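Below is one structure, written out as structure tokens; the observations come after it.
Bear in mind the structure is a predicted one, so any value in this text is a computation, not a measurement. FYI, the numbering just counts along the sequence from 1.
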Amino acid sequence: MTRRVSMSAGLRPPDDGDGQSPNRRTRPLQTGQSLFSASNPRRCERARACAEKRTRRTESVFLCEGVKMIPVNEFRNITSEQNPQFRVLKPWWDVLSEYLGIAMLMIGVFGCTLQLTQDKISCLPNRFMDLSGGDRDCSHLRQDGENESLWEFAITKHLSPSVVEVFGRKNGLDIHQYEFVNHFCYEQAVHWYGKYFPYLVVIHSMIFMVASSFWFKFPGTSSKIELFVIILGKCFDSPWTTRAISEVYEERREERMVIWRKNTMNKSTAERDDDAASPILSSIKSGSDQKSAEPQTAASLLDKKEGEQAKALFEKVKKFRTHVEEADLLYFMYVLQTALKVFKFALITVYSIVLVPNIQIVVMCSVPPDLTGFAAFCCNYNKAHLFSKLAYCYICFVGAYGALCIYSLYWLFHRPLKEYSFEAVRLETGISDIPDVKNDFAFLLHLSDQYDALYSKRFAVFLSEVSEGRLRQLNLNHEWTSDKLRARLARNAAERTELHLFMLPGLPDTVFEISEVESLKLEMISNVTIPGTVTQLTDLQELALIHSPAKLQLAALNHLRESLKVLRLAFESPDQVPLWMYTLQSLEELHLSGSLSGELSLDTLRELKNLRVLTLRGKLTKIPPAVVDVSGRLLRLCVHNEGTRLQVFSSLKKLVNLAVLELTGCGLERIPSAVFSLSHLQELDLRENRLTTVEEILSLQHCRRLTALKLWHNDISYIPEHIGKLRALETLDVSWNKIRRLPPRLCYCTKLRHLDLSHNQLTSLPSEIGILQCLQFLSLAYNSLESLPDELFSCKRLKVLALGNNSVSTLSPRVGNLAQLVRLELKGNRLESLPAEIADCLFLKLAALIVEDSLMDLLPPDVKDRMKHR
């Protein structure tokens, strides 16, 4: 048989374009010889340029010829988020979607590379014409069987009986005509999907990747995400997180040991139960002692810098939670971009499946015959086969991508992502006060759980107020060392060694290392817990909690119950009165100050068996009934009512042993009758009330032990004559009233040692003033006195005489009779000179003589020298 040579070469354009007869045999090309004739230099240069472009190695796709190539990695930088910290917010389906997006992008990049670097189409004239006037298609090129009929058009040469040489047929078209036809048919005949498939893939892939990372770049969400990721990473790496969890674990282990011991003891007999109580209590005490010693070990585990960093983290978490929990913008943006990807997936899948069959290898192209002489061309789209395979592969990737997006939507709507419960974390870590969160904060934590659930567990530590309190305690111990606290020690009014701490975030444990403290005053300190180490303060007798609510551990309560003598409490509401106050058996003084409005319902004070002094500062309407519980022991009762009228005094009658009664600012207009039944009363103070008259003063003679009567800061205009019945009176203070004259019978109170009549309207003194031979203090300042009776200077025990701011014009020389005088106030009078006999006051120093400088200069020099050198 004669061997046949395939006619597939006839599909390629002719090797020359000189327009000669097709019967001419072409010369074989030599190595390195140009495809075109050298007679046209410009044509040769263009051919070489095209050849170089086709053979150039490409590392990545370029957008157009002659433009600098763009690496594929640049597309990722544009379309995806490159911050590695954001990986904690990418669940597994987002990670797979990102890789699928990269794979789809690579398909598009590869297709664009082929599209831009290789010939798009090659066309040859179709010599078969349809006589009916239509064009015949090019389907015969795909059928090998019909090619046998074409041998009659071939140019052959018999080289031997069994070998035939076949030459391609020449079409007689110029190269420019072929180029025109190729471009024309590419634009007209090739389906648009076949032409722009790789570009569509690139665009869709970039849209997918942008949609996946859009919430990382959107201004309203990117700042929240970035801040959350930063805080989450710092919380995860913070040494305080590990330490807080380990502390709670140790505490729970101790609790389990105590419970186990109790269960073991319960299995024994009743006799053994009684004996086993003390070991159980001792184990609890040892646990508390171990906790109290723990901060010392903590200092070595967590330095000061790490403690400050953890403190700053707590503040950041609080502010972030407040800011993020207000809205659900992050959740909405994530749902929106996921829904967009699902819609995009459905759209791409539908139109791709429909349009992929339109990518054909051979296409028919109709060209105006006046241009080339041929009306139809058969064109070979040389990338159609590869593009169709890439299209089906791309559809598979899009299907997988869409399945992940649909699962993401299912996850978004199937689970309550706007609420996040730390119940499992609370049970596992033992930190019971971790709050649940909502809205965007909850959604971010759900996303981080898909990456690693350990992040939320460690993050939860910084939501716990208990954990924050422990950190605050540790930082306090770093800041307030024992040496620094010891430098703040001072003596208080009761001559006790006092340590006063003001506006601290907590109570430093180092306080209990200063054993010499006798009085501990805590003011404006929140979250105070007094530990068992308070037993180290063996001299502690007084505790003041000024707006500092405190809790006591069991060991601390047992110690204070036996040793505390004075307790001062200032609070904002009665609910803040601690219950442990009622168990302090050794307490002798209790001072309460706060909003004691209406009828204060104090719990029973019956356990306070040694209570002697009770002070109530507030706005009461009656004496609390609980006072009756200590009626037999109470010696001093002080009520400071801040101007609110005290109406009911029935409880006073039962205070049979009361020695001192102070009713300050109680709105009293008369002396309460209940006072007259207090037979043991020694001091009565009714200052800052509304008293205008004290006619009831006669009834005070039933108080036979009354030695001090203070009626200062009232509106009293006169003192009744029968005040002289109070023969035991030693102190009388009626200053800051409106008294115009003194009754002479006042001077029959011969035991008076302290008499204060300042800030009144007195114009004269009775001559009977000289009867008060026990008088040691007399104040007549700020009155209207013009003269002083000579009998005044017969009070030879007088030590302090205050006569300032009156209208006295002369001072009697008998002032020298006051031999024990140590202070004399005369400033603010009309004196023109001082008597020289003033030097006879042997204990009066020059510095204790309060007069104008002009009068001081008039004193004789020897008098001043004598008084100066005393």
Side-chain angles (χ1 to χ4, degrees), residues 73-95 97-98 101 206-238 240-241 308-341 405 408-409 411-413 415-420 422 434-464 468:
N73 196 38
E74 293 297 328
F75 286 98
R76 286 192 61 190
N77 294 337
I78 297 174
T79 58
S80 62
E81 179 55 50
Q82 294 301 309
N83 192 340
Q85 294 180 338
F86 287 176
R87 66 183 183 275
V88 298
L89 297 180
K90 291 184 177 180
W92 62 268
W93 55 84
D94 279 352
V95 175
S97 298
E98 183 177 350
M206 293 181 67
I207 292 176
F208 276 135
M209 300 177 76
V210 168
S212 297
S213 61
F214 180 73
W215 73 320
F216 292 129
K217 297 179 179 294
F218 183 68
T221 58
S222 60
S223 59
K224 296 180 181 179
I225 293 175
E226 184 175 2
L227 184 58
F228 173 77
V229 170
I230 292 174
I231 294 176
L232 186 66
K234 290 183 178 180
C235 293
F236 187 86
D237 298 331
S238 175
W240 173 249
T241 309
E308 292 296 330
Q309 292 175 350
K311 179 181 177 181
L313 270 180
F314 273 104
E315 294 299 326
K316 289 182 180 179
V317 169
K318 285 183 180 179
K319 294 179 181 179
F320 179 79
R321 180 187 175 190
T322 304
H323 178 59
V324 175
E325 274 193 319
E326 296 176 353
D328 56 353
L329 179 61
L330 294 174
Y331 176 80
F332 175 76
M333 289 299 299
Y334 191 84
V335 171
L336 184 63
Q337 68 183 27
T338 304
L340 176 62
K341 290 189 290 185
C405 294
S408 179
L409 278 182
W411 180 76
L412 287 170
F413 294 113
R415 299 184 59 181
L417 300 181
K418 290 186 179 182
E419 298 177 356
Y420 191 93
F422 285 101
I434 301 176
D436 296 335
V437 295
K438 58 183 180 179
N439 289 337
D440 282 344
F441 200 4
F443 179 61
L444 291 174
L445 290 174
H446 279 295
L447 287 178
S448 64
D449 280 350
Q450 296 298 321
Y451 179 79
D452 190 349
L454 185 60
Y455 275 91
S456 60
K457 293 179 182 178
R458 297 179 70 89
F459 186 82
V461 173
F462 289 87
L463 293 172
S464 168
E468 184 180 7

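Between Y451 and R87, the shortest heavy-atom contact is OH-NE, 2.9 Å. Scanning all heavy atoms of the two residues, the minimum distance from A339 to L409 falls at N-CD2, 4.2 Å.
We find the NZ-OG distance between K90 and S213 to be 7.0 Å, quoted to the nearest 0.5 Å. Here D237 contributes atom CG and R458 contributes atom CZ; the two are 7.5 Å apart, rounded to the nearest 0.5 Å.
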Using the side-chain contact (heavy atoms from CB on, under 4.5 Å) rule, take L412 and F443 through it: C-alpha gap first, then chi angles, then the decisive distance, then the call.
CA-CA 10 Å; L412 287 170; F443 179 61; 3.8 Å; yes

Does the side-chain contact (heavy atoms from CB on, under 4.5 Å) test come out yes or no for V324 and N439, once each step is laid out?
CA-CA 8 Å; V324 175; N439 289 337; over 6 Å; no

What's the verdict on ring pair (Phe, Tyr, Trp, His ring centres under 6.0 Å) for F459 and Y455, showing C-alpha distance, side-chain angles and the deciding distance?
CA-CA 6 Å; F459 186 82; Y455 275 91; 9.8 Å; no

Verify side-chain contact (heavy atoms from CB on, under 4.5 Å) between L417 and Y334, making sure each step is shown before the conclusion.
CA-CA 12 Å; L417 300 181; Y334 191 84; over 6 Å; no

Mind running side-chain contact (heavy atoms from CB on, under 4.5 Å) on D452 and V88 for me, showing each step along the way?
CA-CA 8 Å; D452 190 349; V88 298; over 6 Å; no

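No side-chain donor-acceptor contact under 3.5 Å links S464 to the backbone of V461. Between the H446 side chain and the K418 main chain, no donor and acceptor come within less than 3.5 Å of each other. Side-chain atoms of S238 do not come within 3.5 Å of backbone N or O of A310 as any donor-acceptor pair.
When side chains are defined from C-beta on, S97 does not count as touching F208, because their heavy atoms never get closer than 4.5 Å. Looking at heavy atoms from C-beta onward, Q450 lies in side-chain contact with W93 at the 4.5 angstrom threshold. For the pair L313/C235, a side-chain contact is recorded, criterion being any heavy-atom separation below 4.5 Å from C-beta on. Contact annotation: the side chain of V335 approaches that of F413 to within less than 4.5 Å [non-hydrogen atoms, C-beta and beyond]. No side-chain heavy atom of V229 sits less than 4.5 Å from a side-chain heavy atom of F216. Considering only heavy atoms from C-beta on, W215 comes within 4.5 Å of I225 through its side chain. The shortest distance between side-chain heavy atoms of F236 and L454 falls below 4.5 Å. Residues F228 and D440 have side chains not in contact (no heavy-atom distance under 4.5 Å, counting atoms from C-beta outward).
Residue Y420 forms a side-chain contact (heavy atoms from CB on, under 4.5 Å) with just one option from L444, D436, L445, and that option is L445.
Other residues, nucleotides and ligands contribute more than 12 heavy atoms inside 6.0 Å of the CD atom of E325.
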